[in-house]
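Structure, as structure tokens:
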Amino acid sequence: MAVEVLTTADGRAKTALSHAHATRWQDARAAGEPLAVGAASPPLRPARPEKPELLPPRDVPRRRTGSPQGRIALLHALAHIELNAVDLHWDIIARFTHVQMPMGFYDDWVKSADEESKHFNLLCDCLEAAGSFYGALPAHAFMWRAAEDTAEDLLGRLAVVPMVLEARGLDVTPGMMAIFEKAGEKLATDALRVIYAEEVGHVAYGVKWFNWLCGRDGHDPKDVFHGLVRRYFRGALKPPFNEEKRAEAGLPPDFYWPLAEVLAEAPGTAGFR
């Protein structure tokens, strides 16, 4: 099921399949007849539509959000992130079946993938209401590079994707909501409000299973997290941090503040895009 999502290119088709598979999984669990967790061979990179064109992050045009065109560009970038998130959550299900995990692990990432599918469609609806569509503008593949780098390391994947990249979303989303609210764009404001509320849970799932794996193996989660982020994350962790929402997700300040200070001192580092 996960590989079927990963190998579907069109965004709307991918998310429809994601919803259908999530419902099937959840219904089976509720009925006390859980589906078997087998093994799969996910592709290194998920299928993607011909558009948007994927560029290096530095080559993606930046537009000011004070204009309608700039806000469309922001929505497009967010839709691209959410589509990547759909694939990231199905990928963690398919890629690491050799690691023995409780059924709750699969429950959490199926739920996350289902919610990311909703988020992508909400943002596509906003784009279409504004006279645009997903694929109309170029995008970048920054998030998926993190998936490739951690393709053989479940702890590394949990550290970088939910605990760094998705936690960054908690930091920046309130400012984005304010942009659309000021512009009187209720549809986008409401969509971001839904995304903001549900992303806390995705970060929390990352923290939960990261801590679970560290506890199982007798390792200190904070020390392991610092080592893995230094190894896999290319760039500085950029304050200001949304400490309230990070704490709600179970991510304490002593996990991320030392990394921001250490990585910020390294020459040639770049912030999260």
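Positions are given from 1, in the same order as the sequence printed here. In this text the structure is predicted, and so the values were computed from the model without any measurement.
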Residues at least two apart in sequence or cross-chain that pass salt bridge (Lys or Arg N to Asp or Glu O under 4.0 Å) with Glu199, listed by chain then number, are none
Is the shortest heavy-atom distance from the side chain of Leu237 to the side chain of Val229 under 4.5 Å?
-> yes
Specify whether Tyr106 and Trp25 have parallel, tilted or perpendicular ring planes, treating 30° as the upper limit for parallel and 60° as the lower limit for perpendicular. tilted
task = Verify side-chain contact (heavy atoms from CB on, under 4.5 Å) between Phe210 and Val224, making sure each step is shown before the conclusion.
result = CA-CA 9 Å; Phe210 186 88; Val224 174; 3.7 Å; yes
Working for side-chain contact (heavy atoms from CB on, under 4.5 Å), residues Cys124 and Phe133: CA-CA 6 Å; Cys124 285; Phe133 59 93; over 6 Å; no
Taken to the nearest 0.5 Å, the spacing of Thr189 OG1 from Tyr196 OH works out to 14.5 Å
**Prompt:** Taking it one step at a time, do Lys111 and Asp114 satisfy salt bridge (Lys or Arg N to Asp or Glu O under 4.0 Å)?
**Reply:** CA-CA 5 Å; Lys111 183 173 186 289; Asp114 194 28; over 6 Å; no
Q) For Lys238, does its backbone N or O pair with a side-chain atom of Arg168 as donor and acceptor, under 3.5 Å? A) yes
What's the verdict on side-chain contact (heavy atoms from CB on, under 4.5 Å) for Glu82 and Ile195, showing C-alpha distance, side-chain angles and the deciding distance?
CA-CA 10 Å; Glu82 297 297 338; Ile195 292 168; 3.6 Å; yes
Check: Is there a side-chain contact between Met176 and Thr65 (heavy atoms, below 4.5 Å)?
Finding: no
Does the pair Glu115/Lys118 count as a salt bridge with the N-to-O cut at 4.0 Å? no
Heavy-atom closest pair (Gly250 atom, Val207 atom, distance to 0.1 Å) is O-CG1, 3.3 Å
message = I'd like to know if the side chain of Asp171 reaches the main chain of Phe241, judged simply by a donor and an acceptor atom lying under 3.5 Å from each other, with no hydrogens or angles considered.
response = no
Taking every heavy atom of Gly206 against every heavy atom of Pro162, the minimum-distance pair comes out as CA-CG, 3.6 Å
Could you tell me how the ring of Phe255 sits relative to the ring of Phe225: parallel (under 30°), tilted (30 to 60°) or perpendicular (over 60°)? tilted
Main chain of Glu166, side chain of His202: is a donor-acceptor contact present, judged purely on distance under 3.5 Å? no
What one should report as the nearest heavy-atom pair of Pro221 and Asn211 is CB-OD1, 3.2 Å
For residues 205-215, the salt bridge (charged side-chain N to carboxylate O under 4.0 Å, His left out) pairs (sequence neighbours left out) are Asp108-Lys208
Donor-acceptor side-chain pairing of Glu116 and Trp90 below 3.5 angstrom
no
The reported gap from CG in Leu192 to OG1 in Thr173 (rounded to nearest 0.5 angstrom) is 6.5 Å
Are Leu83 and Val194 connected into the same hydrophobic cluster when the rule is that any two of I, L, V, M, F, W, Y join if their side-chain heavy atoms are below 4.5 Å apart? no
Sequence neighbours excluded, the answer for side-chain hydrogen bond (donor to acceptor under 3.5 Å, both in side chains) partners of Gln69 is none
- Task: Apply ring pair (Phe, Tyr, Trp, His ring centres under 6.0 Å) to the pair Phe105 and Trp212, showing each step before the final yes or no.
- Result: CA-CA 10 Å; Phe105 175 85; Trp212 187 89; 8.6 Å; no
query: Can any side-chain N or O of Asn84 pair as donor or acceptor with the backbone N or O of His80 at less than 3.5 Å?
result: yes
Is the backbone N or O of Arg12 less than 3.5 Å from a side-chain atom of Thr15, with the two atoms forming a donor-acceptor pair by type?
yes
(request) Decide, yes or no, whether a salt bridge links Asp149 with Arg234 under the criterion of side-chain N to carboxylate O below 4.0 Å. (result) yes
Same hydrophobic cluster for Val164 and Trp144, using side-chain heavy-atom links shorter than 4.5 Å among ILVMFWY?
yes
Taken to the nearest 0.5 Å, the spacing of Arg193 CZ from Glu181 CD works out to 6.0 Å
Hey, mind stepping through Tyr134 and Asn121 against side-chain hydrogen bond (donor to acceptor under 3.5 Å, both in side chains) and telling me if it holds? CA-CA 10 Å; Tyr134 176 68; Asn121 286 307; over 6 Å; no
The single option from Ile92, Leu6, Val5, Ile93 that satisfies side chain to side chain contact (heavy atoms under 4.5 Å, CB included) with Pro42 is Leu6
**Q.** Over 12 foreign heavy atoms within 6.0 Å of CZ, Arg64
**A.** no
Nearest heavy-atom approach of Thr97 to Ala39 is OG1-CA, 3.8 Å
ILVMFWY network linking Leu123 to Val172, side-chain heavy atoms under 4.5 angstrom
yes
**Request:** Kindly assign one of parallel, tilted or perpendicular to the pair His98 and Phe96, based on the angle between their ring planes and the thresholds 30° and 60°.
**Result:** tilted
Quiz item: Counting only N and O atoms by type, is there a donor-acceptor contact under 3.5 Å from the side chain of Ser132 to the main-chain atoms of Glu128?
Solution: no
For Leu251 and Tyr256 the tightest heavy-atom approach is O-CE2, 3.6 Å
Lys222 meets the salt bridge (Lys or Arg N to Asp or Glu O under 4.0 Å) criterion, sequence neighbours left out, with Asp254
Excluding Leu44, membership of its hydrophobic cluster (Ile, Leu, Val, Met, Phe, Trp, Tyr; side-chain heavy atoms within less than 4.5 Å) reads none
Contacts satisfying salt bridge (charged side-chain N to carboxylate O under 4.0 Å, His left out) that involve residues 86-100 (not counting sequence neighbours) are Lys14-Asp87, Arg48-Asp87, Asp91-Arg95, Asp91-Arg157
Taking the side chain as everything from C-beta on, heavy atoms only, tell me whether Ser112 gets closer than 4.5 Å to Trp109. yes
The single option from Pro138, Cys126, Pro52 that satisfies side chain to side chain contact (heavy atoms under 4.5 Å, CB included) with His76 is Pro52
So OG1 of Thr150 and CG of Leu228: to nearest 0.5 Å the spacing works out to 9.5 Å
Does Glu148, at its CD atom, have more than 12 non-hydrogen atoms belonging to other residues, nucleotides or ligands within less than 6.0 Å? yes
- Are Val3 and Leu17 grouped together when hydrophobic residues (ILVMFWY) are joined by side-chain heavy atoms under 4.5 angstrom apart? no
Value for CG (Leu74) from CG (Leu137), rounded to nearest 0.5 Å, stands at 11.0 Å
Can you hop from Leu127 to Val60 via hydrophobic side chains spaced under 4.5 Å?
no
Closest non-hydrogen contact found for Pro56 with His140 is C-CB, 4.3 Å
Rounded to the nearest 0.5 angstrom, the CG-CG distance for Asp190 and Asp125 is 12.5 Å
Using side-chain contact (heavy atoms from CB on, under 4.5 Å), reason through Asp220 and Cys214 one step at a time and then give a plain yes or no. CA-CA 6 Å; Asp220 182 286; Cys214 288; over 6 Å; no
